[in-house]
Amino acid sequence: MSSGSLLYALEIPTHGGDTYWLNTNLAYEALDEATKKRIADLQLITYNPFLRDRNAPRSLYRLDKNIPLISPIFPHPLVRTHPDSGKKHLYLDAATEVEIVGLEPEEGSKLIEQLRQHLNQPKFYYQHKWSVGDIVYWDNQATLHYRQAFDPNERRVLKRVSLAGSRPF
């Protein structure tokens with residue numbers, strides 16, 4: 001995972017195309033103590049959505065163990081420790097198919113759904129409305145980001161630079 005990234009805006013659409021960043025440390029810190037204890041040592045497998053058939057139904061949790069894997073799986077901590085600050089982060093995105101190692105699918109699915117509902121609170125997000133010439137830097141080990149939709153007849157051109165990072169722990 002990269003340690004940080006920069007985006008530089010060259011062209012932006014008239015409406016939409018904003019970028020949202022989720023503060024994963026703030027989201028973790030807002031969890032109750034029982035949940036923090038429950039998830040402290042759990043490992044998560046995040047499946048690459050780009051390796052699945054685009055026309056196949058998408059799942060947010062891997063319930064069917066008979067679906068063949070297209071690439072190797074690499075579990076990572078559900079609670080990540082930032083390598084520089086030592087702070088804990090909820091290392092889970094909003095929409096990628098995942099699986100919790102060692103939990104039955106139904107239990108894992110329910111837990112992930114609860115955590116994603118928790119993550120989906122405006123108080124954890126920063127929204128950036130782009131202007132041409134903007135440069136934004138973020139700590140890729142402490143945030144998740146996504147782009148808002150925009151008119152497909154317009155262009156949104158941003159240049160990205162990512163900095164080397166480390167494996168999650």
Side-chain angles (χ1 to χ4, degrees), residues 1-32 35-36 39-52 54 58 60 71-100 111-169:
M1 137 177 289
S2 71
S3 64
S5 295
L6 298 104
L7 279 178
Y8 172 56
L10 297 172
E11 295 180 47
I12 59 166
T14 308
H15 300 288
D18 297 355
T19 303
Y20 293 78
W21 279 271
L22 167 65
N23 182 326
T24 58
N25 169 254
L26 190 59
Y28 173 80
E29 291 299 331
L31 290 169
D32 62 80
T35 301
K36 288 179 185 177
I39 66 174
D41 297 318
L42 294 179
Q43 295 281 308
L44 189 70
I45 297 168
T46 301
Y47 293 93
N48 187 335
F50 301 108
L51 298 177
R52 299 279 308 267
R54 296 180 88 179
R58 282 189 63 201
L60 294 179
S71 66
I73 57 172
F74 300 99
H76 60 80
L78 178 55
V79 177
R80 182 176 201 248
T81 302
H82 194 285
D84 299 321
S85 70
K87 292 181 178 180
K88 301 288 186 185
H89 295 263
L90 188 53
Y91 194 37
L92 170 70
D93 75 3
T96 305
E97 183 180 32
V98 297
E99 171 185 349
I100 297 178
L111 176 58
I112 292 299
E113 183 179 334
Q114 291 169 346
L115 292 173
R116 284 180 167 154
Q117 285 177 359
H118 173 75
L119 285 171
N120 195 26
Q121 297 182 62
K123 65 183 178 181
F124 302 137
Y125 286 89
Y126 163 72
Q127 176 184 1
H128 188 77
K129 183 159 184 57
W130 290 97
S131 295
V132 171
D134 284 357
I135 298 175
V136 175
Y137 168 80
W138 69 94
D139 182 341
N140 213 34
Q141 300 169 113
T143 61
L144 295 171
H145 70 283
Y146 73 93
R147 175 196 47 82
Q148 179 186 51
F150 61 93
D151 184 339
N153 297 313
E154 293 193 65
R155 288 174 39 111
R156 179 183 185 266
V157 180
L158 288 86
K159 298 292 183 176
R160 180 175 176 167
V161 173
S162 291
L163 308 173
S166 63
R167 289 181 58 107
F169 68 94

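Values below: all heavy atoms of this structure, side chains included; hydrogens, waters and symmetry mates excluded. Position 1 is the first residue of the sequence, and the numbers go up from there.
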Novice: List the atom of Thr24, the atom of Ala142, and the distance in Å for their closest heavy-atom pair.
Specialist: OG1-O, 2.8 Å
Novice: Apply salt bridge (Lys or Arg N to Asp or Glu O under 4.0 Å) to Arg147 and list each qualifying residue two or more places apart in sequence or on a separate chain.
Specialist: none
Novice: Mind listing the closest non-hydrogen atom pair of Gly16 and Gln148 along with its distance?
Specialist: CA-OE1, 3.2 Å
Novice: Using the side-chain contact (heavy atoms from CB on, under 4.5 Å) criterion, which residues pair with Glu113? Sequence neighbours excluded.
Specialist: Gln117
Novice: Checking Arg156 side chain against Gly17 main chain: does a donor-acceptor pair fall under 3.5 Å?
Specialist: yes
Novice: Counting C-beta onward and ignoring hydrogens, is there a side-chain heavy-atom pair between Val136 and Thr19 closer than 4.5 Å?
Specialist: no
Novice: Under 3.5 Å, is there a donor-acceptor pair linking the side chains of Glu154 and Thr14?
Specialist: yes
Novice: Just so I know, are the side chains of Leu78 and Gln43 near enough to count as touching, which here means a heavy-atom distance under 4.5 Å?
Specialist: no
Novice: How about Asp151 and Pro13: do any of their side-chain heavy atoms sit closer than 4.5 Å?
Specialist: no
Novice: How close do Leu119 and Tyr125 get, counting heavy atoms only, and between which atoms?
Specialist: O-CE1, 3.3 Å
Novice: At their closest point, which heavy atom of His128 faces which heavy atom of Trp21, and how far apart are they?
Specialist: CB-CZ3, 3.6 Å
Novice: Have Thr81 and Lys88 got a donor and an acceptor in their side chains that come within less than 3.5 Å?
Specialist: yes
Novice: Could you tell me which residues satisfy side-chain contact (heavy atoms from CB on, under 4.5 Å) with Ile12, sequence neighbours excluded, listed by chain and number?
Specialist: Ala9, Trp130, Val132
Novice: If we count only N and O atoms by modelled type, under 3.5 Å, do the side chains of Ser2 and Arg160 hold a donor and an acceptor together?
Specialist: no
Novice: Start with the C-alpha gap between Leu115 and Thr35, add the side-chain angles, then the distance that decides, and say whether side chain to side chain contact (heavy atoms under 4.5 Å, CB included) holds.
Specialist: CA-CA 9 Å; Leu115 292 173; Thr35 301; 4.1 Å; yes
Novice: Any non-hydrogen side-chain atom of Leu22 less than 4.5 Å from a side-chain atom of Asn120?
Specialist: no
Novice: Any idea how His118 and Phe124 line up, ring-wise: parallel (<30°), tilted (30 to 60°), or perpendicular (>60°)?
Specialist: tilted
Novice: Once the angle between the rings of Tyr146 and Tyr20 is folded into 0 to 90°, is it parallel (under 30°), tilted (30 to 60°) or perpendicular (over 60°)?
Specialist: parallel
Novice: Can you tell if the side chain of Asp84 reaches within under 4.5 Å of the side chain of Gln141, non-hydrogen atoms only?
Specialist: yes
Novice: Please identify each residue that fulfils salt bridge (Lys or Arg N to Asp or Glu O under 4.0 Å) with Asp93, with sequence neighbours left out.
Specialist: Arg116
Novice: Excluding sequence neighbours, so at least two apart, what forms side-chain hydrogen bond (donor to acceptor under 3.5 Å, both in side chains) with Ser85?
Specialist: none
Novice: Is it true that a side-chain atom of Thr143 and a backbone atom of Asp139 form a donor plus acceptor pair closer than 3.5 Å?
Specialist: yes
Novice: Per the salt bridge (Lys or Arg N to Asp or Glu O under 4.0 Å) rule, what does the pair list look like for residues 19-32, sequence neighbours excluded?
Specialist: Glu29-Lys36
Novice: Can you see whether Ser162 engages Ser5 through a side-chain donor-acceptor pair at a distance of less than 3.5 angstrom?
Specialist: yes
Novice: Is it true that the side chains of Asn23 and His89 contain a donor and an acceptor less than 3.5 Å apart?
Specialist: no
Novice: Does either side chain, that of His82 or that of Asn25, offer a donor lying less than 3.5 Å from an acceptor on the other one?
Specialist: no
Novice: Stepwise, does the side chain to side chain contact (heavy atoms under 4.5 Å, CB included) test hold for Leu7 with Lys159?
Specialist: CA-CA 6 Å; Leu7 279 178; Lys159 298 292 183 176; over 6 Å; no
Novice: Looking at every heavy atom in both Lys129 and Asp134, which two are closest together, and how far apart are they?
Specialist: O-OD2, 3.9 Å
